[in-house]
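Residue numbers begin at 1 in each chain, while the letters A, B, ... track the order of the sequences.
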2 protein chains.
Amino acid sequence: MDETKNTPTGQVPTLADVARTAGVSTATVSRCLNLPDQVTEKTMRRVMEAVDRLGYSPNYSARALAANRTNTIGAIIPTMENAIFARGLQAFQEELHQSGCTLLVASSSYEEDLEEEQIKTLTARGADALLLIGYHRKPRVYEFLEKRKIPTLVAWAFDPEVSRLAVGFNNRAAMHELADLVMGAGHKRIGCISADTVSNDRARERAQGIRDSMSAAGLDPKMLQMVETAYSIENGEMAFHELMAHAEPPTVVMCGNDVLAVGALRAAAAMNLRVPEDVAITGFDDIELASVAPVPLTTVHVPHRRMGQFAAQALLDELNGKKPDSIELPTAIYRRSSF
Amino acid sequence: MDETKNTPTGQVPTLADVARTAGVSTATVSRCLNLPDQVTEKTMRRVMEAVDRLGYSPNYSARALAANRTNTIGAIIPTMENAIFARGLQAFQEELHQSGCTLLVASSSYEEDLEEEQIKTLTARGADALLLIGYHRKPRVYEFLEKRKIPTLVAWAFDPEVSRLAVGFNNRAAMHELADLVMGAGHKRIGCISADTVSNDRARERAQGIRDSMSAAGLDPKMLQMVETAYSIENGEMAFHELMAHAEPPTVVMCGNDVLAVGALRAAAAMNLRVPEDVAITGFDDIELASVAPVPLTTVHVPHRRMGQFAAQALLDELNGKKPDSIELPTAIYRRSSF
DNA sequence: AGGAAAAATGTAAGCGCTTACATTTTTCAT
DNA sequence: ATGAAAAATGTAAGCGCTTACATTTTTCCT
């Protein structure tokens with residue numbers, strides 16, 4: 001091994017190589033890179049020349065170790081597979097990029113324990129802050145995050161009751177609003193295809209929104225015909241068949257998200273049911289799928305991009321010691337043809 | 001600051017804290033964590049107890065710096081926004097996770113320079129290896145990668161002519177096959193909506209596949225009516241309108257991907273054109289959208305998940321010094337209703 | 001039981017960077 | 001010109017880990 005030669009070795013150049021080439025100390029090089037206005041213009045030029053000449057780029061692990069921050073923000077989303085989180089995340093990452101932060105994405109496959117593991121992994125990898133989806137997780141996870149002092153933001157949900165930093169929307173109220181429209185149209189037998197409500201608070205809140213509306217309309221919320229299943233088109237189809245096999249099948253099927261709704265749509269077509277004449281169907285999220293579905297979906301539009309941007313901003317503020325406020329974003333009903 | 005107390009400080013525990021608590025050296029702790037069979041069972045137990053008690057988890061930056069590897073693999077995809085890459089990437093990451101590797105995702109927005117920047121960033125962040133989409137990039141980028149000795153794999157494309165490690169499919173041949181079907185149906189006026197063919201080799205190859213087929217069918221490939229635009233439903237609509245405004249509009253519009261095709265479909269509907277009777281439309285990729293589109297799309301099915309799995313496997317092999325082979329995956333025409 | 005080989009453990013030198021503190025250079029009012 | 005304050009730069013001590021090498025302990029053959 002060649003130790004500290006006077007010329008850079010054939011290896012990847014280090015900051016020391018740059019310093020040597022430019023004829024300055026390592027501290028000065030570091031300052032050129034991180035605190036440019038503490039340095040003479042002339043020095044800066046010399047150093048930058050050396051950087052270019054050697055093709056130097058800093059080793060982030062070393063930087064992270066020395067500075068005790070990584071400029072990395074982690075996000076753990078339930079799935080990358082369908083488009084629910086894609087758009088928001090893209091905006092989130094664009095916004096972070098502007099501030100020189102890198103996004104580290106992990107997915108939990110909607111599994112609570114896997115999410116916990118991923119949180120551990122991302123913090124071990126030095127994520128300075130974390131974006132998490134929804135509120136529901138074990139207390140010990142929140143304790144861990146607090147002990148480690150990792151700024152954390154909850155997105156895709158907003159609960160005014162909880163003081164935790166959040167950028168999201170009120171799932172319950174949004175679904176309530178849509179359900180009110182449904183009730184207003186005279187539907188009495190309501191079906192719902194939802195994700196698992198035990199570990200998924202967004203799903204739970206959405207279902208609750210339907211019940212709220214039923215109560216308000218004088219219907220017994222216990223009469224809500226509910227099927228829980230994982231998000232996928234196929235599962236949506238199966239759930240729809242299950243619902244329609246009842247003695248008194250629902251006249252409207254409100255789905256926990258657009259993916260399930262598209263499945264329902266497809267099952268309806270297979271059963272020769274006209275939508276919305278024979279059975280109405282609604283979605284949630286307003287992903288691309290919703291507007292191009294065979295019967296364009298009536299759904300709850302969620303401002304994904306803005307949510308991503310605001311979330312990034314809030315987390316960045318938090319990291320800089322400002323005290324950002326939680327943000328509740330408005331949703332809107334997009335009335336298309338499926339109801 | 002409290003330096004080296006005998007009991008762990010109130011801070012995040014370090015490996016040294018664990019060593020002290022367990023009454024062993026730091027080297028032993030490190031071995032327990034990384035080379036478990038070089039260590040007595042008794043020692044292991046003692047150390048693990050200390051790990052649990054302190055809630056220790058290793059600092060990856062320090063580990064990366066010391067060991068000169070990060071167990072991180074980077075992927076740079078053109079976009080996270082539509083679903084083209086989502087499924088393959090999900091499979092990629094699941095496979096990596098099994099081997100204890102973390103995936104770092106960045107997106108280039110289909111911009112060559114941004115991709116170059118992201119490559120620099122990810123290597124600076126210590127990605128041990130890189131997944132890149134397609135072959136096309138500046139020679140200096142490949143030189144950089146080689147100089148840095150970063151194992152790199154090209155996915156979503158496969159060119160037998162190029163020796164570079166790749167896991168993908170032959171875009172040109174796949175589109176050729178679909179185009180043959182189109183020619184076989186007697187179409188003479190062919191339109192194509194494609195992504196930018198200058199910097200996107202997959203798009204270029206796909207377009208070339210159509211021309212190949214035209215030549216073979218005795219048509220002049222120059223007659224291909226081509227519109228290039230960025231991938232989005234809206235752009236697909238606009239491009240379709242442009243195509244149909246010609247004096248002799250095409251009788252079939254072959255799209256570079258499903259997203260564009262859905263846009264075309266929508267524009268056709270707006271123009272009261274029946275698909276496929278008045279104009280046929282084809283897609284590429286077979287993303288979810290394709291099967292649920294108002295007119296189910298005839299498209300080229302790509303085995304996204306398998307591609308992701310194989311890519312992970314190949315890259316992992318490469319990292320372990322094995323010499324993996326490039327893999328060409330078969331594609332298939334999924335004939336639905338749009339042609 | 002004795003000793004050489006093998007296995008387990010310990011010691012300590014970095015990995016490439018940041019940053020507190022020390023030193024040198026520049027600026028500027030006198 | 002002069003010296004004090006301000007600005008620029010340098011020195012060197014780590015950050016938390018891995019790992020080559022040294023040392024100690026265990027194993028096992030005679």
Side-chain angles (χ1 to χ4, degrees), chain A residues 1-5 8-9 11-47 50-51 54-72 123-126 128 148, chain B residues 1-5 8-9 11-47 50-51 54 56-71 123-126 128 148:
Chain A
M1 305 249 166
D2 37 15
E3 296 294 337
T4 324
K5 283 190 194 164
T9 74
Q11 305 298 55
V12 176
T14 70
L15 185 140
D17 294 328
V18 175
R20 211 174 302 122
T21 312
V24 299
S25 73
T26 58
T28 299
V29 176
S30 176
R31 280 188 283 257
C32 286
L33 267 29
N34 301 307
L35 307 157
D37 38 41
Q38 279 188 25
V39 127
T40 312
E41 210 172 304
K42 203 176 59 184
T43 313
M44 181 60 113
R45 207 171 19 246
R46 279 240 304 288
V47 168
V51 166
L54 301 179
Y56 168 79
S57 77
N59 177 322
Y60 278 69
S61 301
R63 176 179 284 182
L65 182 56
N68 198 31
R69 55 182 165 63
T70 58
N71 285 318
T72 295
T123 58
R125 286 196 184 268
D128 291 335
R148 282 283 214 279
Chain B
M1 304 253 167
D2 37 14
E3 298 293 336
T4 325
K5 282 190 194 165
T9 73
Q11 304 299 57
V12 176
T14 71
L15 185 139
D17 294 327
V18 175
R20 211 174 300 124
T21 313
V24 298
S25 74
T26 60
T28 300
V29 176
S30 177
R31 280 189 282 257
C32 287
L33 266 29
N34 299 307
L35 308 158
D37 39 38
Q38 278 188 25
V39 126
T40 313
E41 208 173 307
K42 204 176 61 183
T43 313
M44 180 62 113
R45 208 173 17 249
R46 280 239 305 287
V47 168
V51 166
L54 300 179
Y56 168 79
S57 75
N59 177 322
Y60 278 70
S61 301
R63 174 178 284 181
L65 182 57
N68 199 30
R69 56 184 163 61
T70 57
N71 284 319
T123 58
R125 283 190 188 274
D128 291 334
R148 282 282 215 280

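- For the contact set between residues 59-71 of chain B and DNA chain C, defined by any heavy atom under 4.0 Å, the members are B/L65, B/A66.
- In plain terms, the two heavy atoms of B/D17 and B/V12 that are nearest each other are OD2-O, 4.2 Å.
- Proximity of a side-chain donor or acceptor of A/T70 to a complementary backbone N or O of A/G126 within less than 3.5 Å is detected.
- Not one N or O on the side chain of B/R125 forms a donor-acceptor pair closer than 3.5 Å with the backbone of A/Y60.
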Practice problem: Test A/N59 against A/T14 for side-chain contact (heavy atoms from CB on, under 4.5 Å), laying out the working first. | Solution: CA-CA 8 Å; A/N59 177 322; A/T14 70; over 6 Å; no
What side-chain donor-acceptor pairs closer than 3.5 Å can you find for residues 31-43 of chain A, not counting sequence neighbours?
from, atom 1, to, atom 2, distance (Å)
A/N34, ND2, A/S30, O, 3.1
A/N34, ND2, A/S30, OG, 3.4

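- The interatomic distance linking B/R46 (CZ) with C/dA8 (P) rounds to 15 Å, in whole Å.
- Atom CG of A/L35 is separated from atom P of C/dT19 by 7 Å (rounded to the nearest Å).
- Among the atoms of the strands shown, only primed sugar atoms or phosphate atoms (P, OP1, OP2) are found under 4.0 Å from some heavy atom of A/T14.
- Nearest heavy-atom pair, B/L65 versus A/A62, reported as atom, atom and distance to 0.1 Å: CD1-CB, 3.7 Å.
- Closest approach of A/P13 to A/G55, counting heavy atoms only: CG-O, 4.0 Å.
- When Watson-Crick and G-U wobble pairs are counted only if both distances are under 3.5 Å, D/dG10 pairs with C/dC21.
- Evaluation of the side-chain hydrogen bond (donor to acceptor under 3.5 Å, both in side chains) rule for B/N71 yields no partner, not counting sequence neighbours.
- The distance between atom CG of B/L15 and atom C1' of C/dT9, rounded to the nearest whole Å, is 14 Å.
- Of the residues in residues 37-45 of chain A, none lies under 4.0 Å from DNA chain C by heavy-atom distance.
- Under 4.0 angstrom from either OP1 or OP2 of D/dC17 there lies no side-chain N or O belonging to B/S30.
- The two residues B/V51 and B/V18 have their closest heavy-atom pair at CG2-CG1, 3.9 Å.
- Applying the side chain to side chain contact (heavy atoms under 4.5 Å, CB included) criterion to A/S57, with sequence neighbours excluded, gives B/A124, B/R148.
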Measure all distances between protein nitrogen or oxygen atoms and nitrogen or oxygen atoms of nucleotides 10-12 of chain D, and list the pairs falling under 3.5 Å.
from, atom 1, to, atom 2, distance (Å)
D/dG10, OP2, A/S25, N, 2.8
D/dG10, OP2, A/S25, OG, 3.1
D/dG10, OP2, A/T28, OG1, 2.7
D/dG10, N7, A/R31, NH2, 2.8
D/dG10, O6, A/R31, NH1, 3.3

